[in-house]
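Here is the naming used below: chain letters follow the sequence lines, and residue numbers restart at 1 for every chain.
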2 protein chains.
Amino acid sequence: MKPITLQEIADTLGISVSTASKALKDYPDVSQRTKRLVKELAATLNYTPNSFAVNLRTKESMTIGLIIPEVVHHFFSSVIKGIIYQAEKKGYLVITLQSNESYELEKKQIALLMRKNVDGILISLANQTANFDHLKEVIEQDKPLVMFDKIAKVLPCSKVIINDRKAAYTATKHLVDSGCKRIAHFRGPLLPQNSIDRFLGYKKAIEDHDIQYDPSLVYICEDMSFEEGKKYAQKLYEEHKDVDGIFVNTDLVAIGAITQLKELGVKIPEDIAIVGFSNWFMSSAITPTLTTIDQPGFKMGKTAFKRLLKEMKKKKNDEKTDPKIIELETSLVKRDSTPT
Amino acid sequence: MKPITLQEIADTLGISVSTASKALKDYPDVSQRTKRLVKELAATLNYTPNSFAVNLRTKESMTIGLIIPEVVHHFFSSVIKGIIYQAEKKGYLVITLQSNESYELEKKQIALLMRKNVDGILISLANQTANFDHLKEVIEQDKPLVMFDKIAKVLPCSKVIINDRKAAYTATKHLVDSGCKRIAHFRGPLLPQNSIDRFLGYKKAIEDHDIQYDPSLVYICEDMSFEEGKKYAQKLYEEHKDVDGIFVNTDLVAIGAITQLKELGVKIPEDIAIVGFSNWFMSSAITPTLTTIDQPGFKMGKTAFKRLLKEMKKKKNDEKTDPKIIELETSLVKRDSTPT
DNA sequence: CTGAAAGCGCTTACAG
DNA sequence: CTGAAAGCGCTTACAG
């Protein structure tokens, strides 16, 4: 069954393709009668314009590209959901690609999306990405680009983020306020900005409260997995018996740490208090429930798409847009892994 | 900066567009010299063919559509990852849509993808979908369609599934073998086939082992959430003190049940043994670790795409394909929530 | 109010 | 070996 074309509609109605086209799109200079006839026939034939032809003519695909480090991840999948939801609402479709934290893949995927002629690109950087030329080119080609969560500060494009430093400060301060004197930090890899910012927030919070910063209390997680949480909790337990609080870069690692510490007979929060980051829903399910920073993934996705849409529209009207940095609110969720 | 066109390449080289096109695609009837010149210029100008024009000509978009009930879900996001991974490997991009378990949305999204002219569609049904006309139409329009996980048995298209009934039988039999005499079942909603099949597997397993089937021991979860696990565990505890085993439709609910039972002072697995379903990675992280059925999400995604690709290729060559049902292996993962 | 024409950028069957 | 031509299915500026 071949799809109906405008040509066929025009032919059976004995009118021209141009008129049929205009009738369907409600151009004011077409008679009511013709409009009615065309629309009725289109409806009964179940006509839909060939999107390939429309794309070619309008140079728009109503499709955007999304590059994300890892799909199987509670925070990121929430962001994806927010993006897809908002995009569909506005008539856009989303092509999702996973960079797998690899710079090379990310670069290839940017090229793929550019070749595909998507109307705009949303990206959260791979941990390994330290060179931004591939993204600079996107900007130079005047293709709307919005970064979220894992961003590159130097790039002149819009960004949707949380204030990682401030949130980490709040988290760490909560440990201090709970009476912790010696606070460790399980941080993320060295490159990504948010892992740096969370570390800086941690450092500032303890120094502001007259606790000596001790680099040996900072453990670097490479893949931020449950296993790493267990591993570094074990290591910390062996190396630093005096630690009484840990601020962990992300909930999954924190849950790993809790699991291991429980196994070692450490009481949480009495012996060691723990604060995580992201408010993964599992955090309220484990024992003890995890105090953490709520990071609004779904909202971040929606916001990032909204910003991208604005820039795509501006571009269509040949207007310039200035990059904007949108900061989303986070909040401390107090639970049982810190003392009340 | 406007993209380069073939026309421009042809002009600067003083040849025709046709020859330039053929040179780039290595047609045998173009001189080596011309090929070299065109390819070199294309490379230096960073030429890529306009995908809209190519789509229109070839009637292919190298894009597929994916409709999934819920993106923020460990099993489904693993499937998505498998699909995206395999598709990218073969030069295809994936447009993902979330049906949110809603029939109406799913129907709209099918229409969206058809209008978009994707080369094929991958779908896992919404729980609420009981009418399949929208999918029948896809099949009638001869658009390759492969269902996975949540399928409709009656539809004449390929399907990638696990044997839910068999897996549920294995899970329940494991409880029987562990000495359980009175086994409850937390099942999924009434409509989806896999929720039905898991229930049937449960029922058959107990009946095969001379345990009386008791409908009052079957609890129906509507949204299969952590909270429902807690709720029905509480209810079960109040209504049936004699239950000594539960087979739960999915890990998240099982973890909710464990959490609640622990709170009630029930010993797991001594008082009540529990088996989940899906082998969500959190299952090995909670205490006690959860015995469960491993459901290969990533592999299911890869397999579904491979099958779709085969059908898309066949269609391109005007060959027929017979629907094929591909059953993936599952396995019982024994952990601490059942006695050793 | 309607339609002929140009054109989006490519591919490919055909002629030379 | 090269190129003119047709055509994919639409949109829109222009003429009448």
Side-chain angles (χ1 to χ4, degrees), chain A residues 1-39 41-42 45-63 114-119 141 316-318, chain B residues 1-39 41-42 45-63 114-119 141 316-318:
Chain A
M1 199 176 109
K2 284 198 45 154
I4 314 296
T5 66
L6 249 201
Q7 187 63 254
E8 287 162 23
I9 291 192
D11 284 355
T12 52
L13 251 37
I15 59 174
S16 73
V17 186
S18 359
T19 305
S21 173
K22 283 186 282 191
L24 275 180
K25 310 186 82 193
D26 255 331
Y27 271 48
D29 62 346
V30 177
S31 73
Q32 288 307 323
R33 186 167 168 281
T34 306
K35 280 189 189 170
R36 211 196 57 235
L37 287 175
V38 174
K39 285 183 181 172
L41 187 56
L45 293 181
N46 224 325
Y47 168 78
T48 56
N50 179 312
S51 64
F52 297 156
V54 176
N55 291 344
L56 181 58
R57 274 295 316 217
T58 60
K59 296 178 179 308
E60 267 191 316
S61 61
M62 298 301 276
T63 305
M114 291 301 278
R115 229 176 298 142
K116 184 76 185 175
N117 271 318
V118 292
D119 296 342
Q141 303 243 358
K316 209 170 152 186
N317 301 331
D318 276 318
Chain B
M1 199 177 109
K2 284 198 44 157
I4 315 296
T5 66
L6 249 200
Q7 186 63 255
E8 287 162 25
I9 292 191
D11 286 354
T12 53
L13 251 38
I15 60 174
S16 74
V17 187
S18 358
T19 305
S21 173
K22 283 186 281 190
L24 275 180
K25 308 186 83 194
D26 255 331
Y27 272 48
D29 62 346
V30 177
S31 73
Q32 289 306 322
R33 185 167 168 282
T34 307
K35 279 188 189 172
R36 212 195 56 234
L37 287 174
V38 174
K39 284 182 182 173
L41 186 56
L45 293 181
N46 223 324
Y47 167 79
T48 55
N50 179 312
S51 64
F52 297 155
V54 176
N55 291 345
L56 181 58
R57 274 296 315 219
T58 61
K59 296 180 179 307
E60 267 192 316
S61 61
M62 298 300 277
T63 304
M114 292 300 278
R115 231 177 295 141
K116 184 75 184 176
N117 272 318
V118 291
D119 296 342
Q141 304 242 357
K316 210 172 153 185
N317 301 331
D318 276 318

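Distance B:D11 CG to C:dC10 C1': 14 Å, rounded to the nearest Å. Distance, B:L24 CG to C:dG9 C1': 13 Å, rounded to whole Å. Per the geometry, CD belonging to B:E60 stands 17 Å off P belonging to C:dC10, to the nearest Å. When rounded to the nearest whole Å, the span between CD of B:Q7 and P of C:dA6 equals 16 Å. Note: CZ (A:F52) to C1' (C:dT11) measures 15 Å, nearest angstrom. One can place CG of A:N117 at 15 Å from P of C:dC8, the figure rounded to the nearest angstrom. When rounded to the nearest whole Å, the span between CG of B:D29 and C1' of D:dC1 equals 7 Å.
Nearest-nucleotide assignment on DNA chain D puts the 5′-proximal partner with B:K59, out of A:V17 and B:K59. Heavy-atom nearest nucleotides on DNA chain C were determined for B:T19 and for A:R57, and the one closer to the 5' end corresponds to A:R57. Between B:A53 and B:Q32, the one whose closest nucleotide on DNA chain D sits nearer the 5' end is B:Q32.
Look at B:D26 and B:K39 and you find a salt bridge, because one of the NZ, NE, NH1 or NH2 atoms lies within 4.0 Å of a carboxylate O, short of that distance.
Base pairing of C:dT2 is made with D:dA15, judged by Watson-Crick or G-U wobble geometry with both donor-acceptor distances under 3.5 Å.
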Yes or no on side-chain contact (heavy atoms from CB on, under 4.5 Å) for B:E8 and B:T12, after CA distance, side-chain angles and deciding distance? CA-CA 6 Å; B:E8 287 162 25; B:T12 53; 5.7 Å; no
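Residue contacts for B:T58: at a heavy-atom cut-off of 4.0 Å it reaches no nucleic acid atom on any strand shown. Base contact: B:S21 has a heavy atom under 4.0 Å from a base atom. Among the protein residues, A:S18 comes within range of the nucleic acid bases, having at least one heavy atom under 4.0 Å from a base atom. Contact annotation for A:K22: base contact, defined as any heavy-atom pair under 4.0 Å involving a base atom. The residue A:N50 sits close only to the backbone: its heavy atoms come under 4.0 Å of sugar-phosphate atoms, none of a base. Using a 4.0 Å heavy-atom criterion, one finds that A:Y27 contacts the sugar-phosphate atoms exclusively. When heavy atoms are screened at a 4.0 angstrom cut-off, B:T5 is found touching the sugar-phosphate backbone but no base atom.
Of the listed nucleotides (D:dT2, D:dT11, C:dG9), C:dG9 has the atom at the smallest distance from the side chain of B:L56. Relative to the side chain of B:L6, the nucleotides C:dC10, C:dT2, C:dG3 differ in distance, and C:dC10 lies closest.
The closest side-chain heavy-atom distance from A:Y47 to A:L41 is not below 4.5 Å. Residues B:I15 and B:V38 are in side-chain contact: their nearest non-hydrogen atoms beyond the backbone lie under 4.5 Å apart.
Residue B:S31 places no side-chain N or O under 4.0 Å from the OP1 or OP2 atom of D:dC1.
No hydrogens or angles considered: nothing links the side chains of B:T63 and B:K116 as a donor-acceptor pair under 3.5 Å.
Listed for the B:K59 side chain is no donor-acceptor partner under 3.5 Å among the backbone atoms of B:N117.
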